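The structure under discussion appears below in the form of structure tokens.
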Amino acid sequence: MASSFTRLISGRNKAILLAGLGAGTMATGFLLSESGSLSAEAKTKLYPPSSDYPDLRKHNNCMASALTPAIYAKLRDKVTPNNWTLDQSIQTGVDNPGHPFIKTVGCVAGDEESYEVFSDLFTPVIIDRHNGYDPKTMKHPTDLDASKITNGIFDENYVLSSRVRTGRSIRGLSLPPACSRAERREVERVVVTALAGLKGDLAGRYYSLGDMTEQEQQQLIDDHFLFDKPVSPLLTCAFMARDWPDARGIWHNNEKTFLIWINEEDHTRVISMEKGGNMKRVFERFCRGLKQVEHLIQERGWEFMWNENLGYILTCPSNLGTGLRAGVHVRLPKLSKDARFSKILDNLRLQKRGTGGVDTAATGDTFDISNNDRLGKSEVELVQLLVDGVNYLIDCEKKLEKGQDIKVPAPVPQFKK
Amino acid sequence: MPFGNTHNNFKLNYKVEEEYPDLSKHNNHMAKVLTKELYGKLRDKQTPSGYTLDDVIQTGVDNPGHPFIMTVGCVAGDEESYTVFKDLLDPVISDRHGGYKPDDKHKTDLNFENLKGGDDLDPNYVLSSRVRTGRSIKGFTLPPHNSRGERRIIERLSVEALTSLDGEFKGKYYPLKSMTDAEQEQLIADHFLFDKPVSPLLTCAGMARDWPDARGIWHNDNKTFLVWVNEEDHLRVISMQKGGNMREVFRRFCVGLTKIEEIFKKHNHGFMWNEHLGYILTCPSNLGTGLRGGVHVKLPKLSTHAKFEEILTRLRLQKRGTGGVDTASVGGVFDISNADRLGSSEVEQVQMVVDGVKLMVEMEKKLEKGEAIDSMIPAQK
């Protein structure tokens, strides 16, 4: 009957229900009035953080591991200077419980200040994701001097292509989860203006996603340059696909070896690539291009988001530091079938992916091999690690071809885990 | 988003043309109405709970629509959205609801005894009958905007109200996040289970956040009365059964709804309603009665007749496939329901379904005998 409901709500039991909600007596009037929606401020009083704490019991991501009820209570009502909130940062991790084998990050930054205002959450997430690197106590080295790379030209009987990518954010503008249309258009304007100043082998042109012709689109697809509206719920639940395709586009140089994505998952994604095994030249062009773009935006009073603890600031905590993924497509028919393959990769701090990129399977015996780490080691260190690692893998492959045995290398030293 | 969108004030630092969305390739009601001037006029406003113009229109910006199908392209985040943003929503409502004016009054009539007939639709043709609507609970914001805390209280209040029902309405609640495999199988077999929205019309409006927290399904033991909690609206209420007794379906619908509303009202959380817009729901297309009353009916001959579409239009009915909206018909069986929601009452809308379907079945029978139906074609209702 209606009686149990009545018992619960009427008379002195009002207080019991409200106590159950954790609301103060001041809020009594709000709950039981026939008035319309509460103001945002009234809501924060009536709904204590405990009533909003997400149910993370089935979740497996870095945010769910780090976000205790106490941390949530402390941070829920805070806002960054751009008025970005904790709930907005964690929405993607609440909506995507993750996979028992794959631990995703589960939170994003809406602006540079998110990492500071919500550091009680982001710091443990960063330590978890980046193998013990603690941004509160450690400094991240930045080094874009490509001349330091040694042995950076691979045997082209094995390495089919070489590529380095990173991201850069424009300081003062909100990141893709949070930005308004005007901010996003401003990012596009700032970057495209700067890129127009590149010369020589870096000279190129911009293709706006909304305005490109059918022909241009087809060419970009054939070149494997075109990016599309994100479909991954990891990104869409983080509000990154809003207003698509407004202010999104692709810039590339005439030689098709230097490419920039604008306003996809980050303000910019910068890619240097070419067929063959000359990783040294790919990295050299990468560093030169990045420095020139930085110089060009600085001329107009802009700069990249960067600080000495987190390195380059990007949307996803997994890309902090260098944001750098350097990799090759390499044929390893014998090594890939060896039982020790995974362990060798692990110890070299490398990861394998299929040739379609993240979450794809390898075709034939060709793998995408790249660095695992992003934060705590410089660009030069990570590219050198990749270079040394790939050379080691090719050496193993050659040994196996000759019927010789291979050794699992000692693990590369890490931060305290 | 739940605790105010104060990012909105920050956007005001930019000029209107810098923030105004590019709607040049869009075909939805919002895009037709929202000029740059109107955007400029409304962009600094927000409802008391912090819902802003950009929140209202995001789904319409992200989903340009289809040349043939006109979607609405905007949603309400709370009851006050319909007043604070009336300069946008009134023309959208007028467009969508046949010229309904800002000062028009909507009639609510849930007195099932006012329905004439409806108990004698031929079961050889009418396979099943169903009436659905939605309800929003006063004092809470709507699915695009509400917080986990609000959603959970909506669930708790709904469950208390529903589990207190008895007689033909005695039933049970199945929360989405804790139902057993067996329960899930049964709900799927009964065609009751709803799933996380995949349509970008809904996901871009923020309605799938925190899924499946505080979502669930309640149904009576007889499996003829069903309530969805926290899907696209606070509550979706459905009455259904096999065969053609629409009168009985509507009776149970009205009685059940009235009982539920009484319980909520007693505890100062009645349903959102006003005399201009009727029942307030998330999507402007569902204002008024929010009612879709319909049947699955076999019309293999009539559906291929040249005048089928015209007949439907004159009867103020619409057709869908048997899988619901945006599906095709199977074996000549169509889902036929009322087209109107706002400006006519529940009784009037169900009456149109009952009268219209009766007429179409008679037409079908005539066509089976090889006779013409031209004299039966009705005038525009």
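Values below: all heavy atoms of this structure, side chains included; hydrogens, waters and symmetry mates excluded. Here is how names work: the chains are called A, B, and so on, in the same order as the sequence lines, proteins then strands, and each is numbered from 1. Owing to the predicted nature of the structure, the values given are computational and were not obtained by experimental measurement.
Of all heavy-atom pairs spanning Met63(A) and Gly106(A), the tightest one is CB-O, 3.4 Å.
The existence of a salt bridge linking Glu186(A) and Arg189(A) is confirmed by a sub-4.0 Å separation between a basic side-chain nitrogen and an acidic carboxylate oxygen.
Between His269(B) and Phe140(B), the gap from one ring centroid to the other is short of 6.0 Å.
Defined by atom type and a distance below 3.5 Å, a donor-acceptor pair is missing between the side-chain atoms of Tyr174(B) and Gln184(B). For the residue pair Asp22(B)/Ser24(B), the side-chain donor-acceptor check at 3.5 Å is satisfied.
Only the side chain of Ile90(A) comes within contact range of chain B, with at least one heavy atom under 4.5 Å from a heavy atom of that chain. Neither the backbone nor the side chain of Lys170(B) comes within less than 4.5 Å of any heavy atom in chain A. Contact annotation for Arg242(A): both backbone and side-chain heavy atoms come within less than 4.5 Å of a heavy atom of chain B. With a 4.5 Å cut-off on non-hydrogen atoms, Lys177(B) touches chain A through its backbone and its side chain both. Proximity to chain A (any heavy atom under 4.5 Å) is restricted, for Glu17(B), to the backbone atoms N, CA, C and O. Heavy atoms of Gln58(B) lying under 4.5 Å from chain A belong exclusively to its side chain.
For the pair Arg181(A) and Tyr20(B), the NZ or CZ position fails the cation-pi test of under 6.0 Å to the six-membered ring centre and within 45 degrees of the ring normal.
The contact list for residues 107-118 of chain A toward chain B, using heavy atoms and a distance under 4.5 Å, is empty.
With sequence neighbours excluded, the residues that form a side chain to side chain donor-acceptor pair (under 3.5 Å) with Lys41(B) are Asp87(B). With sequence neighbours excluded, the residues forming a ring pair (Phe, Tyr, Trp, His ring centres under 6.0 Å) with Phe169(B) are Phe225(B), listed by chain and number. Residues forming a side chain to side chain donor-acceptor pair (under 3.5 Å) with Thr193(A) (at least two apart in sequence, or on another chain): none.
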Report task. Could you walk me through whether Tyr72(A) and Asp87(A) pass side-chain contact (heavy atoms from CB on, under 4.5 Å), step by step? Result -> CA-CA 9 Å; Tyr72(A) 183 76; Asp87(A) 276 324; 2.9 Å; yes
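Between chain B and the residues Asp55(A), Asp246(A), Asp243(A), Val94(A), the largest count of heavy-atom pairs under 4.5 Å involves Asp243(A). Options Asp62(B), Thr141(B), Asn63(B), Asn13(B) differ in how many heavy-atom pairs under 4.5 Å they form with chain A, and the most are formed by Asp62(B).
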